[in-house]
**Q** 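Here it is: the structure, laid out below.
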Protein chains: 4
Amino acid sequence: MTSQPAPLQEPTRRERRIQRQQKAIMDAAAGLFAQKGYRSTTTRDIAEAVDIGESTLYGYFSGKKEILQAILSQQAGAVDSLLVHLNELEDRQSFADLVDLLMETILARRVYNRVLVAEAWTDDEILQAYVIENWQPVMQTLQDFISMKTATGVFRPLDPALGARMIVACFIAAILPVLRGVESPPSPEQRHALAGSIVEIISNGLYLQKGQA
Amino acid sequence: MTSQPAPLQEPTRRERRIQRQQKAIMDAAAGLFAQKGYRSTTTRDIAEAVDIGESTLYGYFSGKKEILQAILSQQAGAVDSLLVHLNELEDRQSFADLVDLLMETILARRVYNRVLVAEAWTDDEILQAYVIENWQPVMQTLQDFISMKTATGVFRPLDPALGARMIVACFIAAILPVLRGVESPPSPEQRHALAGSIVEIISNGLYLQKGQA
Amino acid sequence: MTSQPAPLQEPTRRERRIQRQQKAIMDAAAGLFAQKGYRSTTTRDIAEAVDIGESTLYGYFSGKKEILQAILSQQAGAVDSLLVHLNELEDRQSFADLVDLLMETILARRVYNRVLVAEAWTDDEILQAYVIENWQPVMQTLQDFISMKTATGVFRPLDPALGARMIVACFIAAILPVLRGVESPPSPEQRHALAGSIVEIISNGLYLQKGQA
Amino acid sequence: MTSQPAPLQEPTRRERRIQRQQKAIMDAAAGLFAQKGYRSTTTRDIAEAVDIGESTLYGYFSGKKEILQAILSQQAGAVDSLLVHLNELEDRQSFADLVDLLMETILARRVYNRVLVAEAWTDDEILQAYVIENWQPVMQTLQDFISMKTATGVFRPLDPALGARMIVACFIAAILPVLRGVESPPSPEQRHALAGSIVEIISNGLYLQKGQA
DNA sequence: CATGAATGAGCGTTCATTCAT
DNA sequence: AATGAATGAACGCTCATTCAT
């Protein structure tokens, strides 16, 4: 008895405090991983950045590797939510809005994504589990969209896989310096304009078409 | 005849043997750096890959870091040679040939380039010294080309910097899996066809133009 | 009473434990440095002598070199305190007491001083920073004392610098085997008698003077 | 047959060349050992100083340690020759000449002696084999001399061992900076004058004696 | 729950010595 | 006889992790 309150669902207080601390550790660690790489970042670096004792980290994560995995996992959900919008992609949905959303999604957690790129670049398991696994549905949806457009004579005949890759490449290239950490993220307005330009290029190419004035 | 004194060029025998050994070390190291990252690759790993004693490495390089720098430096010359072709880029020179050459250049040392990307992603000095320094002239030339085409009404009005970035992004995206090490390099024929497709897309876009049939 | 807040001086508990451990490391290291020399003593040797892990050393000193410097620095303060007595050196203060004090001071940290001699013998910076720097004032005071005695006709005419050096040489020679580690240190009584004999010789020489009987 | 000339005593030509090379190595090594210590001097350092290949050293000495021992052994003979003069030490032989000779002997090979002091200070075997072994006869002779003088009423009553140590201490102290390498060696005239001063002090002390004017 | 202290495993590097040429 | 090349052994030091408090 002794007035034990709410024995079942208790994600309250202590639980939240733990999650807040975990997020603080992940943010600090991600910043360091992005700057110096996972391997060159020491647990001492992380602990100092969060201003806690080095061994306190082990109360929130089972080790350095788990901190990395927690950071990498963060992106999975975010990309999933994209699928909803992608599946609705029809003519009435402008490309620009989609690209804008993709860029916004990636930039929202740009530090986490920078870490993801760094690690996936040298680690096959991470590439598979956190990149291919998450982006495969996106690429597939894009390919299906292209196939449909090609079949209906809207798009020129082209390899859907290559087309999908080009689309993604173009908008990622546009934000690469931000992702890499050498440029500031664009304002929503800038980003929107950028998305428009990219879609213009990818849709109609560099060459001026006749009749476009 | 027989008494050829050869007084000048004397990089013979021993010199060549040293350079051969240095290349063997660099190749082995690059493979390991690409797989596990520079930091996670130990000098013991490298020595075992070349099948020499760990301390023998130090007869050819002053340290682990110097091996990395030798690998990174390799690319500088290759990119320089591109500029010659870029500067000749006129109407009569097809885009496709240029893109083909760019891809060939990058893929020729694809393992070295994979290491370069990995390190430049987390190290600002390497990014500056080995990427920006080398690619800036290439990007500038591309921008100038685009500006010229835009001014003469051949290209649509667009930001030359963005256009240049799109061009590079498209062909790099096409070979990214090879660079990353998860796909085999294309045959020259495949590569040539790929270059054609990329140029087609980047030139005229995804949409089928009227009058193109 | 009991509510003593002690707001200022707080080198308590942990601070003292750290200093105790540092001293234990310094003592063990000094013994090894004295026996085998600094260069031939490994950090593993020191750690084993203190019975701690090798890496634990680095929690108390930043490296092997810092352990040496801590040992060398120890003597500075001790020599400084001598100056007080030296400056009071007048007729009423017997030479013997001064020499006794000098010997006691040196022998109190004889192992540290043995290390100091060893390193100063081959390292100019250490010679300057830890020997000349500390002993210069002592030598100067002795020279001033001799000059004064010479001027007043008590001492024979002689080079004060040479005289000072002879004084120091004689008492150091007397304790050299102890400093070197091949003899046990003398008891206070033995040391006192030794000081008397040395002063007798340095004062009146080996020759029996007329009228001394 | 084959006209083999002089099969027995053949310390000619080749033998002498070997000895000349050995001496060159010993001199270079002694200079380095004196500056940086035996342990901190590498075989590469020595080889470079003699301008030969590192492995060539092993044609003249069996290893680094043997070079050191050859250097240390050099002094043995020199000290032995002193004994002849010491044994002739009588009244008619002035102290000053003896001290002058001692100083000259030590300074003649001052670099070798600096190495000897350095190594004997931390190595008991070297102390025994190269210092005590060589200097014991000298000390003994001095003690016998003092005992005789004391018995005949010329010297004051004193411990012969202490007296002998004082004598040696005084003249070594006078040349210590030269031995250490921070002062240039004195000219023969300077050395002679120095010897006179030292003998004056050690004989009659610092105090002005009555009747000495 | 937080942490200072401790540490084993392993890192990059040096060096005296050997050996084929 | 001379040496460039090679290397095992060992060095000083770092760090992710554990544990007593």
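Here is the naming used below: chain letters follow the sequence lines, and residue numbers restart at 1 for every chain. In what follows, every heavy atom counts, from backbone to side chain, and hydrogens, waters and symmetry copies are set aside.
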**Q** Determine the contact category for B:L57: base if any of its heavy atoms lies under 4.0 Å from a base atom, sugar-phosphate if only primed atoms, P, OP1 or OP2 are that close, otherwise nothing.
**A**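 Since no nucleic acid heavy atom lies under 4.0 Å of B:L57, the category is nothing.
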
**Q** Round to the nearest Å and state the distance from A:K36 atom NZ to F:dT14 atom P.
**A**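 Going from A:K36 (NZ) to F:dT14 (P), I get 14 Å.
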
**Q** Find the distance C:I25:CD1 to E:dT7:C1' and express it as a whole number of Å.
**A**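 Whole-Å distance recorded here is 14 Å.
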
**Q** For a quick test of reading the model, state the closest non-hydrogen atom pair linking A:I71 to A:A29 and the distance between them.
**A**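 Between these two residues, the closest heavy atoms are CD1-CB, 4.0 Å.
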
**Q** Does a side-chain N or O of A:R14 approach OP1 or OP2 of E:dC1 to a distance below 4.0 Å, or not?
**A**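 Yes, within the criterion.
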
**Q** Please encode protein proximity along nucleotides 15-21 of chain F as a string of B, S and -, counting only heavy-atom distances under 4.0 Å.
**A** BBBBB--

**Q** Who passes ring pair (Phe, Tyr, Trp, His ring centres under 6.0 Å) against B:Y38, sequence neighbours left out?
**A**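 B:Y38 satisfies ring pair (Phe, Tyr, Trp, His ring centres under 6.0 Å) with B:F33 only.
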
**Q** Can you measure C:Y60 atom OH to F:dC13 atom P for me and round it to whole angstrom units?
**A**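 So the two atoms are 18 Å apart, to the nearest Å.
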
**Q** Starting at the 5' end of DNA chain F, write a dot or bracket for each base, bracketing those in Watson-Crick or G-U wobble pairs whose two distances are under 3.5 Å and using | for partners on another strand.
**A** .||||||||||||||||||||

**Q** Do you know which of C:T43, C:T42, C:T41 makes side-chain hydrogen bond (donor to acceptor under 3.5 Å, both in side chains) with C:D45?
**A**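 Considering C:T43, C:T42, C:T41, a side-chain hydrogen bond (donor to acceptor under 3.5 Å, both in side chains) with C:D45 is found only for C:T42.
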
**Q** Does any non-hydrogen side-chain atom of B:D27 lie less than 4.5 Å from one of B:Y112?
**A**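 Side chain of B:Y112 against side chain of B:D27, heavy atoms only: contact under 4.5 Å found.
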
**Q** From CG of D:L68 over to C1' of E:dA16, roughly how many Å is that when rounded to an integer?
**A**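 It works out to 14 Å between those atoms.
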
**Q** Is the shortest side-chain heavy-atom distance between A:Q74 and A:L116 below 4.5 Å?
**A**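 Heavy-atom side-chain distance check fails, nothing below 4.5 Å.
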
**Q** What's the CD-P distance between B:Q19 and F:dG4, to the nearest Å?
**A**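 These atoms are roughly 18 Å apart.
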
**Q** Could you tell me whether a side-chain N or O of C:W121 sits under 3.5 Å from a main-chain N or O of D:R114, the two making a donor and an acceptor?
**A**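 Yes; at least one donor-acceptor contact below 3.5 Å.
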
**Q** Would you mind reading off the distance between A:R20 atom CZ and E:dC1 atom C1', rounded to a whole angstrom?
**A**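 After rounding, the reported distance stands at 15 Å.
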
**Q** Find the distance D:E15:CD to F:dA1:P and express it as a whole number of Å.
**A**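 About 11 Å, once rounded to whole Å.
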
**Q** Quick check for you: among E:dA5, E:dA2, F:dA6, whose closest atom lies nearest to any side-chain atom of B:Q21?
**A**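 Closest nucleotide among those given: F:dA6.
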
**Q** Do A:E54 side-chain atoms and A:A47 backbone N/O form a donor-acceptor pair below 3.5 Å?
**A**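 Here the side-chain-to-backbone pair does not exist.
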
**Q** For D:I46 and E:dT14, what is the distance between atoms CD1 and P respectively, to the nearest whole Å?
**A**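 Roughly 18 Å, once rounded to whole Å.
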
**Q** What is the nucleic acid contact for D:F61, judged by heavy atoms within less than 4.0 Å: base, sugar-phosphate only, or nothing?
**A**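 No contact.
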
**Q** Quick one: label D:I67 by what it contacts on the DNA or RNA (base, sugar-phosphate, nothing), any heavy atom closer than 4.0 Å.
**A**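 If one applies the 4.0 Å heavy-atom cut-off, D:I67 turns out to touch nothing in the nucleic acid.
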
**Q** Report yes or no: does B:R180 contribute a side-chain atom to a donor-acceptor pair with the main-chain N or O of A:A120 at less than 3.5 Å?
**A**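 Flag set: sc B:R180 to bb A:A120 pair under 3.5 Å.
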
**Q** Taking it one step at a time, do B:Q128 and B:D124 satisfy side chain to side chain contact (heavy atoms under 4.5 Å, CB included)?
**A** CA-CA 6 Å; B:Q128 181 63 41; B:D124 286 345; over 6 Å; no

